[in-house]
Structures are given as structure tokens and as C-alpha cells.
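Lettering follows sequence order; numbering is per chain, from 1. Model, not experiment: these values are computed from the prediction.
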Protein chains: 2
Amino acid sequence: MPVQASNHQKLFLAVDSVIFSVQDNQLNALMIQMQKKPYTNKWAFPGGIIKQNETTEVAARRILKEQAGVSDVYLEQLATFDDPKRDPFGRVVSVAYFALVPANEVKLQDSSKFNNVTWWPVNNLPELAYDHKKIAKTALERLRAKLEYSNVAYSLLPKEFTLSDLQGVYESILGRKLDKRNFRRKILSLDIILPSGNKVTGKSHRPAALYKFKDQKLVYVDIL
Amino acid sequence: MPVQASNHQKLFLAVDSVIFSVQDNQLNALMIQMQKKPYTNKWAFPGGIIKQNETTEVAARRILKEQAGVSDVYLEQLATFDDPKRDPFGRVVSVAYFALVPANEVKLQDSSKFNNVTWWPVNNLPELAYDHKKIAKTALERLRAKLEYSNVAYSLLPKEFTLSDLQGVYESILGRKLDKRNFRRKILSLDIILPSGNKVTGKSHRPAALYKFKDQKLVYVDIL
DNA sequence: TCAAAAGTGTTTCGAGTACACCCATGG
DNA sequence: CCATGGGTGTACTCGAAACACTTTTGA
């Protein structure tokens, strides 16, 4: 509720997005290596200042597309970071988002503005710019929590996947091994996935049945 | 991560706080009746524009004090609301907070800027200004969730309280009755409250033992 | 002695957990 | 035929839930 305007110093509203993906049973986040001082060679999550009349969510999607080449991803607001000293450039308040992308849809964009764009394993991140370490921590906590009480995992997997794939997503994010039989029984009893009817062929072992999520949108269920 | 400045229109950063309190086994939120057009007589959560170099949390505490007369309350960031049309005044992005105050510490401030300041039962709110209905919904969801996996209830109760008081807080927020014996067994087994040694006297029934929370800060435990 | 809330145990049921072997395939 | 991951069932334990009566006090 605005009571009075008392805004003299320039204030910028930015977004930063933590983009997660599970690749080879490892949880990764997409990061950009910076060139600008004072954070030369430090890494940061993709982000930027919002445009005129742009909502932060729209800005986040735009920047995801521009800097990381991803669209149609799961995106949710994380939190707002507003320490006046968080950015040496000035007063930049950042609304952080977190995004989930399936491993198979990842294709990195090459941007000349940055030194480098790559995936980093979240349990071994490089030195981060700004307050991005704090953002990373918040994002990871949120992701772990959400995994346990919703079907968000759908947005980290391709349309069809095996139960082992799904278990791998859980294990890599939660950072612990799960029992195969118990995991399968639980997931199947929740009525959130269905057999697609297809199988994985060409592997030198028994073919795995493929499943798909019933809903391609967030549903709350107690998983673990 | 700021990439470029592209801020022409004036943008204001505001905070709005949903202040909850349980009184007479009813969950209430503190609201202010507005005078300004176009929301004359509509109700809104206390809030305002942040000051120079002020963090949103500091601003939230300042406004809580100014408009509601409360300090030292539990306060946590809720979410940021940024629809460009949410405020007819201009582009006002609001970082919403939610606060919890014990019933006994409530003393309302009289502010000449507003028509009226009062507690409203959350399940019977009046017509709200701005997008405050959405904020209310988000706050309530968060409070309910948090009650189930943390000891936040400590911030809604006085230092000493009876088990019935505590159960009343849970029932009024969750909106359902709980079994007295199961509730007590569970709460006591969690090792988050301790008997204070005192009892409530002067009531025409058996005196109730008083308890206190072990920690006066947020602790995560599975309560329900 | 009555009204009003405090306090207290037991049984039942289901979910979570631990645990080990056979199956289907490609090489 | 062997290596590789896929797929399956049972027993145990513990917490969740349902449920009703006795106790202490002030009026």
C-alpha cells in the first residue's frame, strides 16, 4: 500500500534465475561467467533489469530465453533480495526465480556478453558474484522441499521416462540413496504417473517400461 | 544480475504486511480502511513505500510500528507482487511480508491518515484494495503450511500458555478440530515446549498447567 | 453439587522401512 | 553365457487416529 512517494535515489528492479537440471544423475545449475568489474571471472545466475511495464516473471522468461536459450520451463518465484549493498552498481533489488528444465531440452546459448555459460554441479559451485550464494542456497532448499510434497519432478524429465530415471532425479536432488522397491511402490500408489506403454530398447539389459506424468502441471502430493 | 539499466518510468518499491493474531480462538488479520480514491472505504494491509537505503524488512518493521503499533514480532518475507496495474498510483512493486503477534500484545494505533484500523477474521474479510486479496490468500497458505512443520506458533502466544491455548491456535488456523489426547501426546513428544511450573488459577475449573516454548525462534519439526 | 475445562491410555490400522533374488536383453 | 540394470514381495515397527471417563476447581 503506497502511502507516500519518497524515492530519490534510482532504484532498479532485476530478476535472477536459478536454472536447475539433472544430468547424469547430478543436479546442475546454469551459470554465467562475468566480465564486468568488480566481478570479473566470477559466476552468476542469468539475470537482468526488468523493462518498462514488464512483470518480473515475464522478464525472467525473456532473460532465460536470451541468455540460456530455454523456454517453456517450470518457473516459480523464489524470494526477493534487497540488501542495498548487494550490487556495487547501485540499488538493485532482485526478485529471484527458480526454473527447472529437462536434461534433454538443454541447449546452451553463446552470448558474447559473457565469458562463458555452463552447468555447474550444485554441490560444487564456483565462486559466485553478488549475493548469489545466498540465492543458490534458498533455491536449493525450495527445490528439495517441493520435491517431497509435489510432482515438480515432471519438469525435470522428458515426457517419457523410466522409474529409474525418476528415482535418479530424487536421489541427486535429495543427496541420498532411496530403496528401489519402496520408491516404486510409493510413486505408483500416488496415482501421478502412468505407464506410456513403451519400453526402452537397445540397452544390453532388460528393457525398462516408460512412464509419463498424469499432469504436466504442479500437483501437491506427499511423496516422501 | 544487472546487465543494463533500462528504467525510464518511475518505479516504487513498497512493502505490505499481513499481521496475524489469534484472539478468542479466531484467526484475525489487521487491516486499515482507506480514504484515498479509488479505494475509499476499502480495506488494505498496512504498508508503504520504502525509504532510501532501507531494506524491505526494515521498512516492514517501521510501518508495522507506525501503523499498527507492534514491534518485535515474527516477520518473514512472503512474496513479491508486481503486476504493473496492481496500483493505480503508478508502478508499485510490493514485497509482502507476514507477521505474527501474540493476542496479549495487541494494541492498536490510531492513525489520522486512515478511517479505521481493526482486526478482521480471516475467514470473513471485507472488500480489499489493490491485489490484497491475493496477498491474503498467499499469506494464509504460508501460515497454515508453516504451522505444520515448525514451531512458529510460539510467536502467536504469550511466553506462558496452556496446552489448550496452543491447541486453540492450531485449530483456528487450520480450521478444523483436533483430538485433545493425540495433540498433547504429539506436542509433548516433540521436545519443543516445557512446563513452566506455573498454573492458571481463578477459573472455576481444574487449573491448567502452563508451558513455554524451549526456543523463541523458528525450529523445524514435523508437528502434524 | 454442579458446571466447566483439564488431564489421561489403549487399541487399531496403515504407512514406512529393511531386505535379496529372478528376469530380459545385448554383446 | 555373462554383465547389466529392470523388476518384484514380505515382515516388522512405529506413528496416526479413534475413542470416553475421571479430576480439580470456583461458584
Side-chain angles (χ1 to χ4, degrees), chain A residues 22-26 103 144 147-150 157-158 160-172 174-212 220-224, chain B residues 22-26 103 144-145 147-149 157-158 160-172 174-212 220-224:
Chain A
V22 175
Q23 292 150 34
D24 306 317
N25 285 331
Q26 183 158 252
R144 287 198 172 123
L147 208 61
E148 305 211 350
Y149 66 81
S150 83
L157 287 165
E160 300 197 345
F161 53 87
T162 68
L163 291 180
S164 295
D165 292 339
L166 181 57
Q167 185 175 342
V169 165
Y170 274 83
E171 289 180 339
S172 53
L174 299 179
R176 64 174 199 267
K177 288 284 175 197
L178 301 172
D179 179 84
K180 182 160 57 162
R181 283 162 296 186
N182 295 338
F183 180 79
R184 286 166 181 239
R185 193 187 10 259
K186 189 64 204 283
I187 287 286
L188 291 170
S189 76
L190 291 174
D191 197 37
I192 55 172
I193 63 171
L194 294 170
S196 78
N198 303 322
K199 286 183 183 297
V200 177
T201 61
K203 293 282 177 57
S204 80
H205 55 72
R206 182 170 175 176
L210 287 166
Y211 290 80
K212 55 188 176 190
Y220 294 96
V221 281
D222 247 31
I223 299 208
L224 298 188
Chain B
V22 175
Q23 293 149 35
D24 304 318
N25 284 333
Q26 183 159 253
R144 287 197 172 124
L147 208 61
E148 306 212 350
Y149 65 81
L157 287 164
E160 299 198 347
F161 53 88
T162 68
L163 290 182
S164 296
D165 293 338
L166 182 57
Q167 186 175 344
V169 165
Y170 273 83
E171 290 180 339
S172 53
L174 299 179
R176 63 175 199 266
K177 289 282 175 199
L178 301 172
D179 180 85
K180 181 160 58 160
R181 285 163 292 184
N182 294 340
F183 180 79
R184 286 167 181 239
R185 190 184 14 256
K186 189 64 205 283
I187 287 288
L188 290 170
S189 76
L190 290 174
D191 198 36
I192 56 172
I193 62 172
L194 293 170
S196 78
N198 304 322
K199 286 184 183 294
V200 178
T201 61
K203 294 282 176 57
S204 81
H205 56 73
R206 182 168 173 177
L210 286 165
Y211 289 80
K212 56 188 176 190
Y220 293 97
V221 280
D222 248 31
I223 298 206
L224 298 186

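Annotation: side chain of A/Phe183 is not in contact with side chain of A/Leu163 (no heavy-atom distance under 4.5 Å).
Atom CD1 of B/Ile223 sits about 4.0 Å away from atom CD1 of B/Ile192, to the nearest 0.5 Å. Note that CD of A/Gln167 and OG1 of A/Thr162 are 9.5 Å apart. Values are rounded to the nearest 0.5 Å. Taken from CZ in A/Arg184 to CG in A/Leu178, the straight-line distance is 12.0 Å, to the nearest 0.5 Å.
Scanning for salt bridge (Lys or Arg N to Asp or Glu O under 4.0 Å) contacts around B/Asp191 gives B/Lys214, with sequence neighbours left out. Taking the salt bridge (Lys or Arg N to Asp or Glu O under 4.0 Å) definition, one finds that B/Glu171 meets it with B/Lys177, sequence neighbours left out. With sequence neighbours excluded, the residues that form a ring pair (Phe, Tyr, Trp, His ring centres under 6.0 Å) with A/Phe161 are A/Phe213.
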Contact state string [nucleotides 16-24 of chain C, B base, S sugar-phosphate only, - no protein heavy atom under 4.0 Å]: SBBBB--BB

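Across all strands shown, B/Ser164 has heavy atoms under 4.0 Å from sugar-phosphate atoms exclusively, and none from any base.
OP1 and OP2 of C/dT8 both lie 4.0 Å or more from every side-chain N or O belonging to B/Arg184.
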For residues 205-212 of chain B, which side-chain N or O atoms pair as donor and acceptor with protein atoms under 3.5 Å away, sequence neighbours left out?
none

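When DNA chain D is scanned in the 5' to 3' direction for atoms under 4.0 Å from non-hydrogen atoms of chain B, the outermost contacting nucleotides are D/dA16 to D/dG26.
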